[in-house]
Asks: 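Encoded as structure tokens, here's the structure I'll be asking about.
Computed over heavy atoms, backbone and side chain alike; hydrogens, waters and symmetry mates excluded. Convention: sequence-line order gives letters A, B, ...; per-chain numbering from 1.
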Amino acid sequence: MNDYDPIPFNWLMGFQTWGIVCGLMFLGAVILAFALQVLSHTLQEFEQIGPGKPRRSLFQGLRNGSAAFANGLIEGFQDLFWMSPRRVGAISVLVFRESVRRKTLLVLVVFAICFLFAGWFLSDPNRDPLLRIPIYVTFVLTAISWLILPAVFLLSCWGLPDDIKARSLHTVVTKPVKRSEILVGRILGVTMVGTLVVAVMSVVGFLWLVRALPEVSGIQTRVPVFGTISFLDREGKPAKEGINVGDINMFRSYIEGDTAARAIWKFSGVSPRLLNKDGKLVLESKIQGFRTHKGNLERGIIFQYTFVNPTRNIRAKFQPFEIAEFRDSIKPIDNDLIDEQNHPVKLMTDIVDNGQLTVEVACLSTGQFLGMARPDVFIRAQDAPFAASFFKAVLCIWLMMFLIIVFAVSVSTIVKGPVASFLTGVIIVLGVFGRDFMQSLVTGEGDHKWNGGGMLESAYRIVTHMNPMVPMEKGFWTTVVQVLDTPMLLFAGHSRAIIPDFETFQMAKFVAHGYDVPWNSGLLPAIMHTLAFLVPCVVLGYFCLKSRELESK
Amino acid sequence: MSTEPVIQIRNLSKVYRDFWGRKKVRALNSLSLDVRRGEVFGLLGPNGSGKTTTLKLLLGLLFPTEGEVSILGKPASDVSKNERIGYLPEESYLYRFLNAEETLDFYGRLFKMTPATRKQRTDELIEMVGLKGARRRQLKEYSKGMTRRIGLAQALINDPELILLDEPTSGLDPLGSRDMKDLILKLKAQGKTIVMCSHLLADVQDVCDRIAILYQGELKVLDRVDDLLRNQEMTQIRASKLPPDAIKEIEAIAARYGAKIHEIGQPQNTLEELFLKVIRDSAERPGQRFVNTSAS
């Protein structure tokens, strides 16, 4: 894996963040809607009763506004839960027809043109096929994304506002059609078009890959089982991480050779189903070396696996071997091992403890270092066909497309086409490029670490020309500023979650480097991310459309 | 005709406001009226009098500022009322990329009709509105008259009890206009309740049982058309082949009773009647010039 750590989906944290953000969003929307209802009814009463009795107007406005709000809320949730599949289907088919007759499928022609001439520009056909595969695979997946997303983006942002502007929607809402059915029907209709286009593009793209690179049809993708990593320092004491050898962005931690420093992996769910055809457990690694002296340049740095059962205190060392720098090292581990007391032990029965396998990695070359990150050592389960991995990546593109459709259609329920396009466009740009920056801005952690405190503290520093690295003087006002900054940063942190993380859907990094798209750290986060936005977008979109006067002047 | 109200409007007002909530115009002011089952009810008024606003408030396309509306016993905001309503908008705002069959099939689906029922209704309505030859053409290729016809067909797809027609004859040629009026009368004969708004007074007079005249958002007149138009001061005698001597005798009798005869002469047909006669005659005798027998 190239400097990328596929983090497994954390259900608890996912639901917690989702609950907090949605809760705050709904609470805000409910308060706003309630206030607007009460205000509008109070003004109405004020006009009717006259300015002489403001208390009565206020009381009546509050009573009528609350009743209208409660009715709207109850009615709204009933509409959302009781939709007619037939009506939703009718509207979806209508949107599909509309899109097809507006020549949306021309995007396939553009796709075909891209592929007709792609071979000219991509790479030298005489190059090593293994190096050509990542380029070609990335090209195909990127081409699918970049062609389908603008098409569905425009269809989603402009469809409903155009329908309202042309008043075609009048003939629909004057039938027994709920606004929720219109919203969901439109989302599904655009999704149908997108699905058709993605399906055609992915099949054509795959066939093109097979034709351009005949070796693709024979290749398999690795199915990695990742574990967790921990470190021991040079004295054998537990450490948070290894040594930084001078990298600005420290992805890998280093352990020192010929000391007690260790990187320890723990793999869960280890069972005979992970063994290869020869009954061996395959460990694959991509460990980097860092030399503090030349040493023997003809030999790589030496490292060693030790398999440990901490419960039964069994330790079995595997024969040392050289690291294969910049390449993957694959080691099939035999089931029969010898422990440190020279007793024969079985890997799967004596070392694996309740499905958990502990592997210690040590560097044996004195004065040299080995750099490792969590995904650098993994158990390689039985390989999967390349096609499976490719189409899983396509599925993630589809999920991203669906998320954009949901978002754009929901936004278009309340604003006109240009505004919906602008808003959705901003969200996409922020989701693709700005999320990490926002994360570091809010939390002060991450690749772009941000100094200078929260909003008020930063404002103070700007006004007083104070360097962000200089600590604030301790005192009453500093405390006040920092106390006020805390909830603002908290709010900003949760607001950040409103922007979808489009990086979650990028699976080319797996497929292009010969990995199967993992379920727990690839597909599942993408699916959950989509669902997390689907529910609040549909609910808010529905209430926006319901509260909208379609014929308002 | 039943006295059971199908539509009940009470103190209905509509104020259009701008983005900031400031009052722009009061389009409707405390309108109260009932529409009874089985009648053809006309909403009349000049442009901007609030006719279309009333219709849109009934349909839930606009929200009332004040007052209440009940249609078929349900509030205007309840979409389930639309199961029994048909609506023909002022312009036929249909999906131009669909053809006539697809249009009716789509609206039929919205009423959860089975495929067989949709097919049957589609065939019946296309036949009824005279679009058999153009059923597979996309609506964007239709003339205005054809668009009105398919608009009417979609309004009737669910065989509604209550039909709301906004300017039903606008854009139609005299023949189409006559057909539309005949259709309205036919629907009335089937027991349907029809509310139409129009500023074409002759059309309203031809088909409506009762009318309401609106001016600047206020109700000015609400009554039966016959009663409103009957002139109690005058007496009309219509006779055919009356010789000149008989006319003199009638004049003498009138004078004897102290009555004044304002006009004696041959009445004129309306231009609409003449036009329809010409078209029908031309269809019956193609290639021959029309001879107006009633004028000679």
Side-chain angles (χ1 to χ4, degrees), chain A residues 36 39-41 43-45 47-48 64 68 71-72 75-76 78-79 82-103 159 162-182 185 546-553, chain B residues 13-19 21 23-25 27 52-53 55-63 65-66 75 77-98 102-103 105-114 118 138 140 151 154-155 157-158 164 166:
Chain A
L36 285 175
L39 185 70
S40 120
H41 280 85
L43 288 174
Q44 204 174 304
E45 295 296 330
E47 269 178 28
Q48 275 181 359
N64 295 345
N71 283 341
E75 204 177 282
Q78 278 173 348
D79 280 2
W82 301 107
M83 281 188 256
S84 154
R86 196 175 288 187
R87 280 198 283 260
V88 170
I91 294 168
S92 311
V93 171
L94 176 85
V95 174
F96 181 81
R97 273 201 180 124
E98 181 183 19
S99 309
V100 170
R101 288 182 188 172
R102 284 184 175 175
K103 303 188 173 50
D162 274 358
D163 233 11
I164 294 171
K165 192 177 169 191
R167 297 179 175 179
S168 327
L169 201 63
H170 288 22
T171 51
V172 176
V173 294
T174 49
K175 304 283 182 283
V177 179
K178 295 170 183 166
R179 306 269 167 121
S180 51
E181 291 163 348
I182 294 171
K546 184 179 162 62
S547 60
R548 185 169 175 180
E549 277 189 322
L550 294 176
E551 190 51 39
S552 187
K553 286 184 181 171
Chain B
S13 297
K14 177 66 191 174
V15 176
Y16 288 111
R17 295 180 190 275
D18 65 9
F19 179 79
K23 192 190 287 187
K24 262 164 66 181
V25 62
T52 303
T53 297
L55 224 51
K56 285 173 180 166
L57 285 163
L58 291 176
L59 287 160
L61 290 170
L62 290 173
F63 306 145
T65 309
E66 287 161 31
S77 59
D78 187 344
V79 292
S80 67
K81 73 178 190 307
N82 296 345
E83 297 272 6
R84 294 146 70 197
I85 293 178
Y87 168 55
L88 172 69
E90 188 176 354
E91 299 281 330
S92 291
Y93 308 120
L94 302 172
Y95 291 96
R96 289 160 50 78
F97 55 87
L98 298 177
E102 289 168 342
T103 299
D105 186 72
F106 166 64
Y107 289 110
R109 278 168 188 258
L110 298 182
F111 285 98
K112 299 207 266 185
M113 290 177 178
T114 60
R118 289 203 304 268
Q138 285 190 11
K140 65 183 172 194
Q154 68 78 27
I157 188 78
N158 56 325
L164 304 173
D166 194 355

Asks: Counting only non-hydrogen atoms closer than 4.5 Å, does A:Arg102 touch chain B with its backbone (N, CA, C, O), its side chain (CB onward), both, or neither?
Replies: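 Nothing of A:Arg102, per the 4.5 Å heavy-atom cut-off to chain B.
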Asks: What part of A:Arg97 is in contact with chain B, defined as an atom under 4.5 angstrom from a non-hydrogen atom: side chain, backbone, both or neither?
Replies: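 Contact with chain B involves both backbone and side-chain atoms of A:Arg97.
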Asks: Is chain A contacted by the side chain of B:Leu88, its backbone, both, or neither, given a heavy-atom distance below 4.5 Å?
Replies: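 Neither the backbone nor the side chain of B:Leu88 comes within 4.5 Å of chain A.
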Asks: Could you grab the distance from atom CZ of A:Arg101 to atom NZ of B:Lys140, nearest 0.5 Å is fine?
Replies: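 Atom-to-atom, A:Arg101:CZ and B:Lys140:NZ are 8.5 Å apart.
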Asks: Count the heavy-atom pairs under 4.5 Å between each of A:Ser40, A:Gly89, A:Ser84 and chain B, then report the option with the highest count.
Replies: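 Heavy-atom pairs under 4.5 Å are most numerous for A:Ser84.
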Asks: Which atom names give the shortest non-hydrogen contact between B:Phe111 and A:Pro176, and what distance separates them?
Replies: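 Reported closest heavy-atom pair: CE2-CD, 3.2 Å.
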Asks: When you measure from the side chain of A:Arg167 to the backbone of B:Tyr93, do you find a donor-acceptor pair of N or O atoms at a distance under 3.5 Å?
Replies: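 Answer holds: no.
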Asks: If you round to the nearest 0.5 Å, how far is CD1 of A:Ile182 from CG of B:Leu110?
Replies: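 One gets 9.0 Å once the value is rounded to the nearest 0.5 Å.
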Asks: What pair of heavy atoms forms the shortest contact from A:Ala90 to B:Arg109, and how long is it?
Replies: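 Taking A:Ala90 first and B:Arg109 second, the nearest heavy atoms are CB-CB, 3.5 Å.
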Asks: Quick one, A:Lys175 with B:Gln154, criterion side-chain contact (heavy atoms from CB on, under 4.5 Å). Give me CA distance, side-chain angles, the key distance, then yes/no.
Replies: CA-CA 10 Å; A:Lys175 304 283 182 283; B:Gln154 68 78 27; 2.7 Å; yes
Asks: What part of A:Ile91 gets within 4.5 angstrom of chain B, counting heavy atoms only: side chain, backbone, both, or neither?
Replies: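 Contact with chain B: backbone and side chain both.
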Asks: Given heavy-atom pairs under 4.5 angstrom as the criterion, report whether the side chain, backbone, both or neither of B:Gln138 touches chain A.
Replies: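 The side chain, not the backbone.
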Asks: With a 4.5 Å cut-off on heavy-atom pairs, point out which of B:Lys81, B:Glu83, B:Arg96 contacts chain A the most.
Replies: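 Top option by heavy-atom pairs under 4.5 Å: B:Glu83.
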Asks: With no hydrogens and no angle check, is any side-chain donor or acceptor of B:Asn82 less than 3.5 Å from a backbone partner on A:Val177?
Replies: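 No, because the side chain of B:Asn82 does not come within donor-acceptor range (under 3.5 Å) of the backbone of A:Val177.
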Asks: Hey, does the side chain of A:Arg86 reach the backbone of B:Met113 with a donor-acceptor pair shorter than 3.5 angstrom?
Replies: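 Yes; at least one donor-acceptor contact below 3.5 Å.
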Asks: Where do B:Leu94 and A:Ser168 come nearest, in terms of heavy atoms and distance?
Replies: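 Minimum heavy-atom contact is O-OG, 4.2 Å.
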Asks: Are the side chains of A:Val172 and B:Tyr95 in contact, using a 4.5 Å heavy-atom criterion?
Replies: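 B:Tyr95 vs A:Val172: side chains touch.
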Asks: Would you mind checking which part of B:Lys56 comes under 4.5 Å of any heavy atom in chain A, side chain (CB onward), backbone (N, CA, C, O), both or neither?
Replies: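 Only the side chain of B:Lys56 comes within 4.5 Å of chain A.
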Asks: For residues A:His170 and B:Leu61, report the shortest heavy-atom separation together with the two atoms involved.
Replies: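 Distance-wise, the nearest heavy atoms are CD2-CD1, 3.9 Å.
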Asks: For the CG atom of A:Leu94 and the CZ atom of B:Phe97, what is their distance to the nearest 0.5 Å?
Replies: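 If we round to the nearest 0.5 Å, A:Leu94:CG and B:Phe97:CZ are 4.5 Å apart.
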Asks: So for A:Asp163, is it side chain, backbone, both, or neither that comes closer than 4.5 Å to the heavy atoms of chain B?
Replies: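 A:Asp163 touches chain B through side-chain heavy atoms alone.
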Asks: Could you state the interatomic distance from CD1 (B:Ile85) to OG1 (A:Thr174), rounded to the nearest 0.5 Å?
Replies: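 One gets 9.0 Å once the value is rounded to the nearest 0.5 Å.
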